[in-house]
Amino acid sequence: MKLKGYFWILAVSGTGAAAALGVLALPEKPLLFWSTEAGALIILLLFIGLYRKLVRPYQLLFSGIDLLRQQDFASRLRPIRNREANQLIEVFNRMITQLKQERSEVREKNHFLDLLIQASPQGVIILDFDERISEINPAGLKLLKIEDFSQVKGLSLAEAPCELTRELAGLELYDETVIRTADRRVYRCIKSSFMDRGFVHPFLLVEELTREVMKLEKESYERIIRMIAHEVNNSVGAIGSTLCAVSDALRQEERPEWEEFRPAVAASYDRCNHMSQFINKLADMVRIPEPMLSDVRLNELLRSVEAIARIECQNRNIRLTLEAAPPETVIRVDGIQFEQVLLNIIKNSYEAIGNGGEIRIRISSEPVEIIVEDNGPGIPEETGRKLFSPFFTTKPGGQGIGLMFVREVLNNHGLTFRLASEQGWTSFVISFAEPDHRDTRQVARKKLPETSIATPKLSD
């Protein structure tokens, strides 16, 4: 029973008892009767006054508690004819107004934060208290190459079927690092946290830096190559001219004591030529032209590459096989540059094998992918991540130019590529899937236009 019920029971009981006492005294003592009845009336008036002063304000405040319980911040308590109660009502209404304002601000901030996370170009991965994935924004799904979030929801980072998440699993709270994945992509990753219900709630920020890093690398080595080429060509030209003059002088005068100098002069002149050729190759790397795109039949392109590479493979006792693509498959590329790319890839394969082995050129469809694989010694994971860095090479006497050329040409075409070693085979995969970058999108098409393919020279 509520306080109001108890109060009125007490009021009726007290007033009734006084009235009954007066009725019992009525026959003998009229003065006492009227005094008792007057007292009962006074008691009733006191109870009514007490109700207005105490019980009704209490009920109003209890109604306010119901409003708070129901989270109704739009309603207000109305003032009554009670100064003390009105002070409480005023405080309560002011508190309700402030709660409504703060609640509205929190909702607006949360809504803005949700919009910001969803629209952010950075990948945001929110973890729960058990370090399991609870939410990923659209940019994060794209970076992780996840089509359906339900595939990874509730999994730990180490359990998620993504190379990048497995790398992220090793991050400690508030760590910041740069991760390079096997597909040559570079990511800046930060692990931080926010407070949720009094507990630390971890999250990760992932930003792809591939294009920025490659741009800086290219600008750096272009500047270095131009400086080296300028200085070396000046020196090589002067030294070559001097060696030619010395060689002519040695041939004109037949002196026995000069015989031992002639081979040294000839060897020095050859080294100058080799140095000039090397510098010219480096300079050519800087001056790779923009691709002249045209529709190219994929099978014609692959047969041309196979014909050029087959002789060297036969000399090394390496079996070279080609699995043709569907006849109608057409790609839009620069035919000359793309042949040079494939020849460089095959060259790396037969140099890695040495003698005796197999190289296979395969095609997969939807999306169209060119796969060059060999059964050579394979590539360690750490080496694979550095393989396309400028001037990095694992070959004795290599310059690291060939794969730089491959990387630049494929990037200029807007194509994605990856290198992997597994089950005894090393595969280089060039994909014509819809790429991430919008500057030069090249997608394989099903069409048969007229085209011709120029035969390039084998690139170093």
Side-chain angles (χ1 to χ4, degrees), residues 183-184 281 284-285 288-316 318-327 329-353 357-365 367-376 379 387-388 395 398 400-421 425-433 435 440 442-445 451-460:
D183 59 356
R184 318 278 86 76
K281 289 180 182 178
D284 290 340
M285 274 294 306
I288 295 177
E290 289 296 318
M292 303 293 291
L293 303 178
S294 62
D295 292 334
V296 177
R297 287 185 177 90
L298 183 54
N299 281 336
E300 291 185 10
L301 177 68
L302 296 178
R303 283 193 289 268
S304 175
V305 170
E306 180 196 24
I308 297 172
R310 182 168 295 281
I311 296 176
E312 184 64 30
C313 289
Q314 289 175 349
N315 293 337
R316 295 170 177 263
I318 295 173
R319 181 186 178 192
L320 177 63
T321 59
L322 169 64
E323 297 179 12
T329 304
V330 170
I331 56 176
R332 187 166 179 79
V333 295
D334 184 313
I336 296 176
Q337 290 187 9
F338 208 76
E339 280 193 350
Q340 290 176 327
V341 165
L342 294 176
L343 288 169
N344 269 287
I345 296 171
I346 295 173
K347 180 175 181 288
N348 281 323
S349 293
Y350 62 63
E351 287 181 348
I353 293 173
E358 183 178 359
I359 299 174
R360 298 189 302 211
I361 306 174
R362 298 190 296 109
I363 304 298
S364 67
S365 56
V368 172
E369 291 183 337
I370 302 174
I371 305 167
V372 180
E373 53 190 7
D374 65 76
N375 60 351
I379 301 174
L387 205 54
F388 289 85
K395 302 174 185 176
I401 297 175
L403 288 179
M404 279 177 60
F405 172 80
V406 170
R407 186 188 78 169
E408 291 301 317
V409 171
L410 293 180
N411 285 334
N412 289 343
H413 280 74
L415 299 175
T416 58
F417 59 95
R418 61 185 183 274
L419 184 67
S421 290
W425 289 86
T426 300
S427 303
F428 192 106
V429 182
I430 302 173
S431 176
F432 288 81
T440 51
Q442 311 306 325
V443 183
R445 301 189 294 162
T451 184
S452 60
I453 302 177
T455 301
K457 298 179 180 178
L458 183 62
S459 172
D460 293 330

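Along the sequence shown, the residues carry numbers beginning at 1.
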If you define the side chain from C-beta out and look only at heavy atoms, does anything of L415 sit under 4.5 Å from S431? no
Could you tell me if the side chain of T416 sits less than 4.5 Å from the side chain of I430, heavy atoms only? no
Do you know the tightest heavy-atom contact between E339 and V305? CG-CG2, 4.0 Å
If the condition is side chain to side chain contact (heavy atoms under 4.5 Å, CB included), which residues does E312 pass it with, not counting sequence neighbours? N315, R316, Y350
About how many Å separate CG of L419 and CZ of F428, when rounded to the nearest 0.5 Å? 6.5 Å
Got a sec, which residues hit side chain to side chain contact (heavy atoms under 4.5 Å, CB included) with D334, two or more places apart in sequence or on another chain? P291, M292, I336, Q337, H413
Kindly indicate whether the side chain of C313, heavy atoms from C-beta on, has any atom under 4.5 Å from the side chain of I359. yes
So which atom in G335 and which in L301 form the shortest heavy-atom distance, rounded to 0.1 Å? O-CD1, 4.1 Å
Within-4.5 Å side-chain heavy-atom neighbours: F338 and I331: yes
dist T329:OG1 -> L302:CG (nearest 0.5 Å) comes out at 10.0 Å
For R310, does the CZ atom sit with more than 12 other heavy atoms under 6.0 Å from it, leaving out its own atoms? yes
Side chains of L298 and F432 in contact at under 4.5 Å (non-hydrogen atoms): no
Dump the intermediate steps for side-chain contact (heavy atoms from CB on, under 4.5 Å) on V372 and S427, then the final yes or no. CA-CA 6 Å; V372 180; S427 303; over 6 Å; no
Please check this pair: side chain of N299 against backbone of A324, looking for a donor-acceptor N/O pair closer than 3.5 Å. no
Is any side-chain heavy atom of V429 closer than 4.5 Å to a side-chain heavy atom of I370? no
Measuring only between side-chain heavy atoms, which start at C-beta, is S349 closer than 4.5 Å to T426? no
Rounded to the nearest 0.5 Å, what separation is found between the CD1 atom of I361 and the CG atom of L322? 5.5 Å
With rounding to the nearest 0.5 angstrom, report the CD1 to CD distance, I363 to E369. 9.5 Å
If we only count heavy atoms from C-beta on, is the V330 to V296 side-chain gap below 4.5 Å? no
Distance (rounded to the nearest 0.5 Å) between K347 NZ and I308 CD1: 14.0 Å
Using a strict threshold of under 4.0 Å (side-chain N to carboxylate O), is an ion pair present between E323 and R360? no
Distance in Å, R319 CZ paired with Q314 CD, rounded so as to fall on 0.5 Å steps: 12.5 Å
For D374 and I346, run side-chain contact (heavy atoms from CB on, under 4.5 Å): C-alpha distance rounded to whole Å, both residues' side-chain angles, the deciding distance at 0.1 Å, then the answer. CA-CA 9 Å; D374 65 76; I346 295 173; over 6 Å; no
